[in-house]
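Per chain, numbering begins at 1; letters A, B, ... match sequence-line order.
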Number of protein chains: 2
Amino acid sequence: MPTPDITARSERNSDRTRRAILEAAFQEIYRNGFQGMRLDDVVAATGLTKGALYHHFPNKQALGYAVVDEIIRDIIQQAWLEPLASDPNPLAVIIHFIGHMETLMGGDIVTLGCPMNNLAQEMSPLDEGFRTRLDLLYQEWRGSIQAALERSQQAGVIRADVDCSKTATFVLAALSGCVGAAKNAQSSEQLQICGSGLIDYLESLRPA
Amino acid sequence: MPTPDITARSERNSDRTRRAILEAAFQEIYRNGFQGMRLDDVVAATGLTKGALYHHFPNKQALGYAVVDEIIRDIIQQAWLEPLASDPNPLAVIIHFIGHMETLMGGDIVTLGCPMNNLAQEMSPLDEGFRTRLDLLYQEWRGSIQAALERSQQAGVIRADVDCSKTATFVLAALSGCVGAAKNAQSSEQLQICGSGLIDYLESLRPA
DNA sequence: TGGAAAACATACTGGATGGTATGTACAATA
DNA sequence: TATTGTACATACCATCCAGTATGTTTTCCA
């Protein structure tokens, strides 16, 4: 007979510790970049020690990779892929998201930017492991936008001559650019202006 | 009578040394970020020593500020402000620039991205001195694009109902986003696709 | 032409930081 | 219950790196 569920609570302690380290590392990376993240700060934020960190991760790089694979992936999944996949009017979802970004994401989006784009901009030229992981995530993200645009196109909400693949690529890049511009200016007004420019573009895709 | 020009050729030229340090620092920042830049690497690249560096700059931060004020400013000036100010058809200049970015800038634009945007993304949330300097540069850049759009608008090349201020903000942000996307993917094809999406948008501003 | 100041070079320091070596409590088997 | 492996804690090291102290050479100028 297998051990009862009571003992299973202790195994989850390990998972919880690992998760706590990952989330603290994510916050530190979000605020200071990967190179700026200090492992001492991560363990201090969790209340743990270096022994715990190095028990779960072999080194700083592996911790960074795990943050991409487990934390950042979840964020994109929940904020974009799931809402876009389930909604019957995807174009409206995209436009709504852009228009209400600061409300939907935290206010950190203005002061700190997009955590995924920050990390990609910093590490892509320096570390191929980061680059491939983040590029894969971007491909999924772009693919979900493309699929959303195509569904809206089939519903007649978007003109038939629009190249949804190219448009998805551009929209995602422009969105990253808007968030980056707002971060440089440290201004949510800048995010509004820039976002409304992107919305104007999306509206121009509608049939005449 | 002042000393003849012959002596000006002498080995020690303060301005040239300072400039050499600035350019080496720019390259290091471009490749590794400001936090990733090592002063030892900068002096090694110039063939000088730390004594020279600390004679011309009080500390690392001041060196970084000077790179923004003197090197990056010049790059934006030469690549954007001057071409846009002198040309009779500014919209065509913008479109041409976007379409031939990799040729006009170096190939580093794909592998390393935009030096100004890189630095802004890294340092704006961390250091107010960097942020204000870079924000000022962005304002000038955006202003020149806005002026260009307005001139094209007065020439009838752009529709009268277009908000040139908002459009300039969006175009600059989208452009940064495109370069960033290409850098993440390490793909000049990505830059082409993304850039053509931006060009499509600019073309849509023309009268029907 | 001498002397002061500028323009460098050389050698060093101290703190920060990623990583390691080792010890210990505890749960899971056997 | 003895044993073993897991999940941490503690203390420490080695290196990197911004910054400094000081010496030397060149330039400027009175």
Side-chain angles (χ1 to χ4, degrees), chain A residues 1-25 28-29 31-67 122-123 126-127 129-130, chain B residues 1-25 28-29 31-67 122-123 126-127 129-130:
Chain A
M1 222 197 276
T3 45
D5 280 358
I6 313 165
T7 63
R9 237 190 290 133
S10 59
E11 283 177 17
R12 277 193 218 111
N13 258 342
S14 177
D15 288 348
R16 258 208 307 248
T17 300
R18 181 190 154 86
R19 185 78 186 179
I21 294 171
L22 279 174
E23 283 169 0
E28 287 294 319
I29 291 174
R31 266 151 234 284
N32 305 314
F34 175 75
Q35 299 180 93
M37 165 181 74
R38 305 301 166 202
L39 297 183
D40 287 334
D41 293 343
V42 172
V43 298
T46 58
L48 295 165
T49 62
K50 269 193 177 172
L53 194 155
Y54 276 90
H55 174 73
H56 288 279
F57 305 95
N59 51 41
K60 184 182 179 183
Q61 187 188 49
L63 174 60
Y65 287 177
V67 166
E122 179 191 3
M123 296 308 294
L126 297 179
D127 186 303
F130 272 111
Chain B
M1 223 194 280
T3 44
D5 282 358
I6 313 167
T7 61
R9 241 189 287 131
S10 61
E11 287 301 317
R12 280 193 174 173
N13 186 319
S14 183
D15 287 349
R16 250 204 304 236
T17 299
R18 182 189 154 88
R19 185 76 187 182
I21 294 171
L22 279 174
E23 282 170 0
E28 287 295 319
I29 291 174
R31 266 150 234 286
N32 306 315
F34 176 75
Q35 299 179 95
M37 165 182 74
R38 305 302 165 201
L39 297 184
D40 287 335
D41 294 343
V42 173
V43 298
T46 58
L48 296 166
T49 63
K50 269 194 177 173
L53 195 154
Y54 276 91
H55 175 73
H56 287 279
F57 304 94
N59 52 38
K60 185 181 179 181
Q61 188 188 48
L63 174 60
Y65 288 176
V67 166
E122 179 191 2
M123 296 307 295
L126 297 180
D127 186 301
F130 272 110

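In this structure, B/Glu28 places its CD atom 11 Å from P of D/dC17, rounding to the nearest Å. Distance CG (B/Leu48) to P (C/dA7): 13 Å, rounded to an integer number of Å. B/Ile21 places its CD1 atom 11 Å from the P atom of C/dA7, with the value rounded to the nearest Å. In this structure, OH of B/Tyr54 is placed 4 Å from P of D/dG19, rounded to the nearest angstrom. Counting to the nearest Å, the P atom of D/dT6 and the CZ atom of A/Arg18 are 15 Å from each other. If you take CG of B/Asp40 and P of C/dT10, they are 14 Å apart, rounded to a whole angstrom. Between the CG atom of B/Asp15 and the P atom of D/dT27 there is a distance of 14 Å, given to the nearest Å. Spacing between atom CG of B/Asn13 and atom C1' of D/dT25 amounts to 16 Å, rounded to whole angstrom units.
If you check C/dC8, D/dA18, C/dG19 against the side chain of B/Lys60, the one that comes closest is D/dA18. Distances were taken from every side-chain heavy atom of A/Thr49 (C-beta onward) to each of C/dT17, D/dT10, C/dT10; the shortest belongs to D/dT10. Distance from the side chain of A/Leu39 is smallest to C/dG18 among C/dG18, D/dC17, C/dA9.
In this model, the phosphate group of D/dC8 is approached by a side-chain N or O of A/His56 to a distance below 4.0 Å at OP1 or OP2. Between A/Thr17 and D/dC8, a side-chain N or O to OP1/OP2 separation shorter than 4.0 Å is present. A close approach under 4.0 Å does not occur between any side-chain nitrogen or oxygen of B/His55 and OP1 or OP2 of C/dC8.
Two residues are said to be in side-chain contact when any heavy atoms from C-beta on lie closer than 4.5 Å; A/Thr49 and A/Val43 fail this criterion. Using a 4.5 Å cut-off on side-chain heavy atoms (C-beta onward), B/Met37 and B/Leu63 make contact.
No donor-acceptor pair under 3.5 Å is formed between the side chain of B/Lys50 and the backbone N or O of B/Leu39.
Within the nucleic acid shown, B/Ser14 comes within 4.0 Å of sugar-phosphate atoms alone, with no base atom in reach, counting heavy atoms only.
A donor and an acceptor atom sit less than 3.5 Å apart, one in the side chain of A/Lys50 and one in the base of C/dG18.
Nearer the 5' end of DNA chain C, as judged by each residue's closest nucleotide, is the contact made by A/Arg38, out of A/Gly51 and A/Arg38.
When every heavy atom of B/Gly36 is checked against every heavy atom of A/Gln35, the shortest pair comes out as CA-OE1, 4.2 Å.
The distance from the OG1 atom of A/Thr46 to the CD1 atom of A/Ile21 is 6.0 Å, given to the nearest 0.5 Å.
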